[in-house]
Amino acid sequence: PFEGSATDLNERARIAASLGPKSKILILLNHGPVTAGGSIEEAFLYMYLVTLACTWQARALAAVGGDLSKMNIPSEETLKSAMDRVKIERTGNEPKATYNEAEAAWNGIAR
């Protein structure tokens with residue numbers, strides 16, 4: 001809910017709590033996305049991707065006149081299969097050190 005201008009420094013703690021320890025993207029009603037990451041490149045990548053996803057969602061909804069029943073929405077099984085194919089190989093809890101996805105995307109997009 002709207003609580004007035006976000007000039008109170010206590011707002012930072014509430015936003016951080018809403019993001020939590022694992023979430024990197026928060027969409028604020030009437031403000032838009034907030035992204036976080038372990039680096040500027042990672043936060044930028046999340047902002048780029050969420051903006052791109054929102055753009056394509058708006059285009060898809062416009063193409064069917066806003067009627068979700070006309071959209072072909074993938075099943076949970078299909079989504080899980082797609083996610084499994086694009087996971088970064090991990091060792092423990094950290095991404096594999098030989099490839100930094102966020103840095104690679106930053107360099108590609110910044111060109």
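For clarity, every value in this text was computed on a predicted model and none was experimentally measured.
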Residues, nucleotides or ligands: over 12 heavy atoms within 6.0 Å of L28 CG: yes
Same apolar cluster: W56 and L45, side chain cutoff 4.5 Å: yes
M47 side, atom CE; I25 side, atom CD1 - distance, nearest 0.5 Å: 8.5 Å
Verify same cluster id: L52, I109 (apolar side-chain graph, 4.5 Å): yes
Under 3.5 Å donor-acceptor, S18 side chain and R14 backbone: yes
Same apolar cluster (I L V M F W Y, side chains within < 4.5 Å links), V64/L68: yes
Side chain to side chain donor-acceptor pair (under 3.5 Å) involving S75 - partner list, sequence neighbours excluded: T78
T35 side chain to A43 backbone, donor-acceptor under 3.5 Å: yes
Set of residues satisfying side chain to side chain donor-acceptor pair (under 3.5 Å) with respect to E41, sequence neighbours excluded: S39
L79 CG to E77 CD distance, which is reported to the nearest 0.5 Å: 10.0 Å
Over all atoms of both residues, closest heavy-atom pair of G38 and K24: N-NZ, 4.3 Å
Partner residues of T51 under the side chain to side chain donor-acceptor pair (under 3.5 Å) criterion, sequence neighbours left out: none
Hydrophobic cluster membership, I27 vs L19, 4.5 Å side-chain cutoff: no
